[in-house]
Amino acid sequence: MARYSFKDVEPKWQSVWETKGIFKTPKAPKKKFYVLEMFPYPSGDLHVGHLKNYVIGDVVARYKKLHGYDILHPMGFDAFGLPAENAAIERNVSPGDWTYGNIETYKKTMSLLGLSYDWDREVVTCREDYYRWTQHIFQLLFDNGLAYRKKAFVNWCNDCQTVLANEQVENGVCYRHGTPVTKKNLEQWFLKITEFADDLLADMDQLSNWPESVKKQQVDWIGKSLGVEIQFQQPELNQKLTVFTTRPDTIYGVTFVSISPEQPLVEEIKKLVTPEQKKGIEAYQVLSKAKTEIERTSTGEKTGIYSGLDLIHPLTGKKVPLWIGDYVLATYGTGIVMGVPAHDERDFAFAKKYDLPIVLVIQDPKNNLTAETMENAFTDEGIMINTPGYDGKSSEEFIVAIAERIEKEGFGKKTINYRLRDWLISRQRYWGAPIPMIHCAKCGVVKDPSLPVRLPSEKNVQLKPQGKTPLETDESWINTTCPTCGGPAKRDADTMDTFMCSSWYYLRYSDNKNSESIFDSDIANMWLPVDQYIGGAEHAVLHLLYSRFITKALHRIGLINFTEPFHNLFTQGMVTMFSPKTGKLEKMSKSKGNVVPVGEFVKEWGADTGRVMILFAAPPERDFEWTNEGVAGANRFLNRIWAFVTDNLDLLEKTEFKSRFEIKELDPVSFKIYQKTHQTVKKVTDDLGDFKFNTAVAAFMELMNELNKTDRALLESNQLYREVIKHCTVRFLEVFTPIAPHISEELLSQLGFDGTVFERGWPSFHQEATISDTITLVIQVNGKLRGNIEVPRDSSEETVKELSISNEQVQKFLTGLSIVKIIVIPNKLVNIVAK
RNA sequence: GCCGAGAUGUUGGAAUAGGUAGACAAGAGGGACUUAAAAUCCCUUGGCUGCUAACAGCCGUGCGGGUUCGAUUCCCGCUCUCGGUACCA
């Protein structure tokens, strides 16, 4: 049997598309469609697990192309980053050589797959012609007050030897290494993402085609919460300490106040207390600082120390002790919280440990709680008690009233707080875009006017971190002159977080060769926003949030006229395979020892087999397991198609192709296959547009199973039948192109078509042919299936009822029963209710 | 702990404006072709019962209830699995 000869066919069509420039981006799109897959970090070789993202993008691009859209479908490389630097340290190679070598390998491998990229649009973030614009964006942000320096306690990963953004710390550990993160007090660059917190929330209504889970993760990350700031007077300091709370209704339950050990006021406090107390506080500060992020944030034991000072409760006028506790975060709210043990879990634990009083102010309507006997804080709404003027009222009512009163009496105000913090982008590493700023003793921090600020050669720097940032170790690079006063000055020694490079690349694709400006605004506005973005959900609060922020910032600055970069987002599931190292299913990755390299795979099976395998295995948003059986099944299907066409090619090739048949002229056998074909075209048109690739492939399989029943003798003798079979075969292949483009193009060409499908477009389906004249009506008795009958479409209810009752099969179940009623669902089913 | 998503044959999965559960595959079993194997093609394949068969009946979409002529689909209450998150006051 003839087998699909992918070794000849696939390179042939890849070169046809290339020569004809089928996937080149049009200059002036009439009906634009921008498809984008998240670009990769080139870290070695591609394996089939990487493929899913690209295959999905390719199906979308080809499908839209066939529908007449002008497509922008680019690819590039997120090429700055730690692995290159680590490889350089370990193997003594240049990070650039290592990276560019990997990029070559990636591109070569991608080319085996026939992906429809326009490589003229490529961007590589580590190239000067790209990172000079990353630096340009940084300076734009600086000019607009969106980039600033500040000294702060920041996350430090000892493995990375650099600071990390909050988004890069997961559960107290580094997102890359899984090692505990500690805090360092450093002066660093921050980007003001918090300024857009509300926009980032509000504009989510533009993102109706984003997965709910991704949007929700962003909402949680931004963490907007409405509350009240309340001031507590401190007599010795002669200052008011401000706390933030979302539960002002518990104000009469305050029995202490807690301040974070890093809160600046603690330094003032130390000046006022006894030397002994001061020593205690300092010891506690050292203790807290030494803790890792996990120890600090785990919900276990709370520690603290009495500050030596007391505050005045603004409503009761009574004294409440001020404690220092590291369960209070210095970076959230005011860094000071009011302690209400009865109604907050953390305060409860703290009060129990240090034997602080508990005052119940909200009673649980279901239980009769007392401060002495309660074992947990009661955090729900309830009935106010111990609250002058409001006892017996609901806490929902009081929370509104007390907020009003606090504002009116001037000891506090309603406030909104966010969990989101500004984005720390300084990195103490080499392989990144240098921060294009100069530090001058006289003029302060000034912009370097000559971009790009090139990375020094790795030969001149000390790559291995030794307490200094690598760029600092190149004396001739770090020392420069101040562009303002001409005096001696130093460059900024840090590079930017690589997420900064990837937060705007989708813009650069629209005008990637522009050497005069970051991009032409008209061109960017023409192609963007991205119509379909495809990638992994793991970027929910990293790349996707940063990109949204940069888009909003550039919009405010006036470079672009849109506020959201990605209108539709599809997040694909991962590819798993059994890992001999861990003994279970794992995401395909080199470290787990469960990879199938793309090069080897394509050599053995061809690109189209891989595509079908990936698309058929499971719905694309779900994880799926890579199996040999799955690959073999996909390959078998392609061979069946190949065999069907080539076996009948002698007859079909010379048969005239007719694009449409009149239903009346078709005999039942011809009509049956014609109908199935058009039903399939319809289903596939819907499914592919809706990311239901697995059911689309199933539909193709069904149609192929029908085509395989073609009567060879009839095909030889009957011209009409021959024409119909040719028509159906051609339609099958045309709509199969997005999924398996090589085999489809080849067989269409063998069937006598010139050029490529992408020059001809997507076929419409014959609407009337997709509907049947007769339908199978299901008959139930008391809800149980008892038979079925063939009836003309849209038969009257009366006819259907009579036919059902008189049906032989059904009769058996009606003997001895009397019919109560008959339910008829037109063209679907009849249910006879009998007793 | 909290917040999401999910649970369907041996396996991946299909079918939800409520209407034939298991499409399409994979695996397994049987057969054809072959000296043989692979490949390919054909048949069977949710469970139980009726000795066998065509056939017929009953049960069956995580568990327990409910609404309905009819529930994988809707409602209530559980269990488990997978993600996200983790002192944010």
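Lettering of chains follows the sequences in order, A, B, ..., and the numbering in each one begins at 1. Owing to the predicted nature of the structure, the values given are computational and were not obtained by experimental measurement.
Here the P atom of nucleotide B:A23 and the CE atom of A:M701 are 14 Å apart, to the nearest Å. Look at CG on A:N782: it is 16 Å from C1' on B:C58, rounded to the nearest Å. Between the CD atom of A:E212 and the P atom of B:G6 there is a distance of 12 Å, rounded to whole Å. Atom CG of A:L785 is separated from atom C1' of B:C59 by 15 Å (rounded to the nearest Å). If you measure from atom CG of A:N694 to atom P of B:A23, you get 15 Å, rounded to the nearest angstrom. Atom CZ in A:R636 sits roughly 13 Å away from atom P in B:A38 (whole-Å rounding). With rounding to whole Å, A:E345 atom CD is found 19 Å from B:A86 atom P. To the nearest angstrom, P of B:U85 lies 19 Å from NZ of A:K215.
A:V337 comes within 4.0 angstrom of a base, heavy atoms only. Among the protein residues, A:F616 comes within range of the nucleic acid bases, having at least one heavy atom under 4.0 Å from a base atom. Contacts of A:D347 with the nucleic acid, taken as non-hydrogen atoms under 4.0 Å apart, are absent. Note on A:R421: a base of the nucleic acid sits closer than 4.0 angstrom, heavy atoms only. As judged by a 4.0 angstrom heavy-atom cut-off over every strand, A:D220 is placed among residues making no nucleic acid contact. As judged by a 4.0 angstrom heavy-atom cut-off over every strand, A:V328 is placed among the base-contacting residues. Residue contacts for A:G223: at a heavy-atom cut-off of 4.0 Å it reaches no nucleic acid atom on any strand shown.
Distances shorter than 4.0 Å separate some side-chain N or O of A:S225 from OP1 or OP2 on B:A89.
Salt-bridge check for A:D198 with A:K224: passed, with a basic side-chain N closer than 4.0 Å to an acidic carboxylate O.
Contact annotation: side chain of A:K302 to base of B:C87, donor-acceptor pair present below 3.5 Å.
No hydrogens or angles considered: a donor-acceptor pair under 3.5 Å links the side chains of A:Q675 and A:S772. Under the 3.5 Å distance criterion, with hydrogens and angles disregarded, no donor-acceptor pair is assigned to the side chains of A:N417 and A:S225. Side-chain atoms of A:T695 and A:D687 include a donor-acceptor pair closer than 3.5 Å.
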Q: Please assess A:F350 against A:F348 for the test ring pair (Phe, Tyr, Trp, His ring centres under 6.0 Å), listing each intermediate value before the final yes or no.
A: CA-CA 5 Å; A:F350 196 77; A:F348 186 83; over 10 Å; no
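Of the candidate nucleotides B:A23, B:G19, B:A89, B:A89 has the atom lying nearest to any side-chain atom of A:T246.
Straight-line distance between the P atoms of B:A71 and B:G62: roughly 15 Å, to the nearest whole Å.
Under the 90° criterion around 0 for the glycosidic angle, B:G9 counts as syn.
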